[in-house]
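Below is one structure, written out as structure tokens, with a few remarks after it.
Labels below follow one simple rule: chain letters A, B, ... track the order of the sequence lines, proteins then strands, and each chain is numbered from 1. Values in this document were obtained by computation on a predicted structure and should not be read as measured data.
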Amino acid sequence: MPRAQAPGMSAPALWRWTAAPLARLGLSGRTLVILVPVIWLLVFFLIPFLVVAKISLSEPMIAQPPYAPLGTWDGLRLTLDLNFGNYAFLLDDPLYLNAYVFSIQTAFVSAALALLIGYPMAWYIARSPEPRRTLLLLLVILPFWTSFLLRVYAWQGFLRSNGVINNFLIATGIIDTPLVMLQTNFAVYLGIVYTYLPFMILPLYATLVKLDDSLLEASADLGARPVATFFHVTLPLSMPGVIAGFMLVFVPAIGEFVIPELLGGPNTLMIGKVLWGEFFSNRDWPVASAVAIVMLVVVVVPFMLLRNAQARAEAE
Amino acid sequence: MMRRSPFLPLICIAGFVFLYAPIVSLVVFSFNESKLVTVWGGFSTKWYGALFRDPQILGAAWVSLQVAAIAATVAVILGTLAAYVLMRFGRFRSRALLTGMVTAPLVMPEVITGLSLLLLFVAMEQIFGWPAGRGMTTIIIAHTTFAMAYVAVVVQSRLTGMDQSVEEAAMDLGARPVRVFFDITLPIISPALVAGWLLAFTLSLDDLVVASFVTGPGASTLPMVIFSKVRMGVSPDINALATIIIAIVGLGVGLAMWVMVRGRNRDKAVQRTE
């Protein structure tokens with residue numbers, strides 16, 4: 001096996017040149033292997049949040065970078081200059097609260113719609129015989145590999161007043177005047193359901209494919225109608241998939257920027273769009289940071305805690 | 001066998017029409033003579049010509065490909081290390097921290113990741129003088145960071161699925177941990193590394209939000225150029241670009257399927273001869 005030999009030859013050499021000198025410094029190879037990913041994530045994932053938190057407490061300033069230093073050091077003592085004005089500003093202006101509420105509401109409606117469409121699809125795929133099942137599953141995943149931005153752009157072409165849908169409806173005589181679909185909340189729901197549908201179908205499929213057929217047969221033998229079987233047997237057993245799928249759509253949808261920007265109208269104030277605007281248009285870095293911190297506390301932290309609790313419950 | 005109603009296949013077909021109709025329309029209208037992307041004006045390939053004469057798009061595509069290739073490679077190395085440490089190293093002091101930091105990027109909204117990394121780069125430049133300005137390097141670092149989380153998930157599931165007794169046997173025979181990793185573990189998990197690399201490459205190639213935050217003058221990625229064109233209004237050359245991307249993805253998936261099916265058939269043939 002010449003292929004497996006090559007790394008085998010190099011491994012001791014690798015050891016001699018990298019880990020061994022460090023071992024002499026008191027760092028074992030094991031510690032070193034742990035430290036590489038830990039340090040990378042500390043520097044580029046965790047510390048950035050501390051920087052955001054810091055800047056959210058500083059005053060905006062017309063400068064480069066556009067915020068005032070947080071403290072001053074006069075050689076003897078450090079004067080901290082904490083400024084909660086950015087957070088007060090978020091509370092004062094109803095725009096921000098509305099944006100948070102609207103984002104959560106939009107994400108919830110979209111996730112629910114995705115569940116309604118995704119569940120029957122996942123069920124059908126899971127119950128299909130083998131060659132067809134793999135093919136259908138592949139068809140679900142395939143769009144994910146093409147550009148997300150281009151797929152949202154495709155919906156613009158579908159929904160605009162002289163777009164594909166309106167042209168079709170007018171040509172067939174169903175309507176006379178074009179429907180307004182682009183730049184509405186409906187378009188945003190549609191865009192989210194469309195782009196996140198695979199994330200709903202895959203976890204649902206994973207639980208439904210493991211479902212024991214004999215349970216369904218037993219339920220039917222005992223005289224349950226298909227609807228009763230569904231609500232008393234199938235749905236409860238597939239709950240882990242339902243929750244996982246719902247979360248995989250709901251959480252990222254809250255912070256979505258591209259979909260509300262390209263499909264929504266000026267009234268579709270989702271929080272990702274607000275943050276983007278504060279940063280790129282208003283160049284108000286401290287307020288953008290405050291928006292991010294609130295979003296982190298309101299959205300991401302509860303979700304992480306929920307997931308930890310779930311993982312612990314599963315482990316027990 | 002349960003009785004089948006026609007309702008399920010119908011809704012499934014409707015679902016796939018919903019998933020594929022916009023993609024099909026992108027392809028169809030990329031061959032449209034008219035500048036209106038939604039009205040058919042005859043067959044033409046002029047938008048492909050326009051695409052290949054557009055230095056902005058070609059330059060951005062080259063930047064994106066470089067960024068994606070480098071970020072995916074670094075992400076595979078770091079993500080595999082993280083997954084291996086979490087699955088095989090038992091208890092260590094920073095374990096809970098690493099677990100949290102590996103899973104959190106998966107649920108972090110892109111706008112937060114982008115903003116926080118940009119502010120970090122600005123602060124680092126003020127304090128250490130590095131990175132001097134922003135551009136490809138900072139995009140690569142940002143993409144590596146979120147992509148390594150995805151790689152770690154893929155590799156972790158492969159490490160859980162593989163037969164650990166092979167590693168233990170090598171260890172019992174006196175192989176050092178480094179050698180066990182390179183000779184035993186790595187070849188076994190290599191399909192997961194390939195899958196993780198492709199996933200990281202796609203994620204990087206697709207990212208608009210994070211790249212927009214952490215880039216600087218002179219480094220525009222392909223999604224950034226597409227986004228600015230799309231925001232301006234209709235641009236049929238974007239349809240041509242989409243068609244090319246879809247063709248490449250289709251070919252890639254077709255090739256992967258072919259390799260997989262061939263491998264499966266060969267396995268069956270081997271089983272038969274045994």
Side-chain angles (χ1 to χ4, degrees), chain A residues 4 7-8 11 14-15 29-30 33-34 36-38 40-41 44-49 51-52 55 65 117 120-121 123-124 139 142-143 145-151 153-155 157-158 162-164 167 197 216 251-252 254-255 257-258 262 272 275-276 279 288-289 292 295-296 300 303-304, chain B residues 2 8-9 11-12 15-16 18-20 22-23 25-26 29 36-39 78 81-82 85 89 92 94 97-98 101-102 104-105 107-112 115-117 119-120 122-123 141 145 176-179 182-183 186-187 202 206 208-209 223 226-227 230 238 242 245-246 249 253 257:
Chain A
L14 197 83
W15 164 258
R30 186 186 139 98
V33 171
I34 296 173
V36 172
V38 169
W40 180 284
L41 286 169
F44 294 117
F45 186 73
L46 205 61
I47 294 178
F49 293 121
V51 181
V52 176
I55 290 171
I117 300 172
M121 286 180 79
W123 173 257
Y124 182 74
L139 280 175
L142 201 56
W145 292 92
T146 65
S147 168
F148 155 73
L149 191 58
L150 290 171
R151 282 180 293 137
Y153 162 70
W155 273 105
F158 256 51
N162 60 350
V164 174
N167 285 353
L197 195 58
L216 305 180
V251 175
I254 295 173
F257 164 73
V258 174
L262 291 183
L275 194 156
W276 179 284
F279 183 83
S289 301
M295 192 159 146
L296 204 63
V300 180
F303 175 71
M304 293 285 289
Chain B
M2 295 261 299
L8 272 176
I11 201 164
C12 205
F16 280 114
F18 174 63
L19 280 177
Y20 282 92
I23 297 175
S25 89
L26 275 183
F29 284 104
L36 292 167
V37 261
T38 49
V39 182
L78 290 171
L81 276 181
V85 161
F89 274 26
F92 53 92
S94 48
L97 181 71
L98 184 61
M101 289 194 303
V102 162
V107 295
M108 198 55 67
E110 290 167 308
V111 279
I112 298 188
L115 179 74
S116 64
L117 274 167
L119 296 179
L120 174 86
V122 170
I141 292 174
T145 308
R176 283 181 170 283
V178 179
R179 180 152 194 165
F182 281 103
D183 277 5
L186 209 56
T202 317
D206 214 15
L208 165 76
V209 175
I226 295 174
F227 184 66
V230 166
I238 294 299
I245 292 178
I246 290 163
V249 170
V253 172
M257 284 292 283

Could you check whether any side-chain heavy atom of [X] comes within less than 4.5 Å of a side-chain heavy atom of [Y], counting everything from C-beta outward?
X: A:Pro48; Y: B:Leu119; value: no
X: A:Met295; Y: B:Pro109; value: yes
X: B:Met108; Y: A:Phe49; value: yes
X: B:Ser116; Y: A:Val51; value: no
X: A:Leu41; Y: B:Thr145; value: yes

Could you tell me which of [options] has the largest number of non-hydrogen atom pairs under 4.5 Å with chain A?
options: B:Leu115, B:Ile11, B:Ile245; value: B:Leu115
options: B:Leu81, B:Leu19, B:Ile226; value: B:Leu19
options: B:Val209, B:Leu97, B:Leu186, B:Ile246; value: B:Val209
options: B:Ile112, B:Val111, B:Val249; value: B:Ile112

How long is the gap from SG on B:Cys12 to CH2 on A:Trp123, to the nearest 0.5 Å?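 Those atoms lie 13.0 Å apart.
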
To the nearest 0.5 angstrom, please state how far the CG atom of B:Leu26 sits from the CZ atom of A:Arg151.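 One gets 10.5 Å once the value is rounded to the nearest 0.5 Å.
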
If the plane angle is over 60° it's perpendicular, under 30° parallel, otherwise tilted; pick one for B:Phe227 and A:Trp276.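 Geometry flag for A:Trp276 against B:Phe227: perpendicular rings.
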
Segment of B:Val122 engaging chain A (4.5 angstrom heavy-atom cut-off): side chain

Is chain A contacted by the side chain of B:Leu117, its backbone, both, or neither, given a heavy-atom distance below 4.5 Å?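 For B:Leu117, heavy atoms of backbone and side chain both lie under 4.5 Å from chain A.
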
A:Tyr153 (side chain) donor-acceptor with B:Ala242 (main chain) under 3.5 angstrom: no

Strictly distance-based, threshold 3.5 Å: is any side-chain N or O of A:Arg30 a donor or acceptor partner for the main-chain N or O of B:Phe89? yes

Quick one: what part of [X] sits under 4.5 Å from any heavy atom of chain B, side chain, backbone, both or neither?
X: A:Leu149; answer: both
X: A:Phe44; answer: both
X: A:Trp40; answer: side chain
X: A:Leu262; answer: side chain
X: A:Pro252; answer: neither
X: A:Val33; answer: both
X: A:Leu296; answer: both
X: A:Phe148; answer: both

Check B:Leu78 against A:Pro37 and note the closest heavy-atom contact, atom names and distance.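 Smallest interatomic distance, heavy atoms only, reads O-CB, 4.2 Å.
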
Heavy atoms only, distances under 4.5 angstrom: which of A:Val38, A:Val36, A:Thr146, A:Val251 has the most pairs with chain B? Name it, please. A:Val38

Hey, which of A:Gly272, A:Gly255, A:Ala154 has the most heavy atom pairs under 4.5 Å with chain B? A:Ala154

Worked check of side-chain contact (heavy atoms from CB on, under 4.5 Å) between A:Leu139 and B:Tyr20: CA-CA 9 Å; A:Leu139 280 175; B:Tyr20 282 92; 3.6 Å; yes

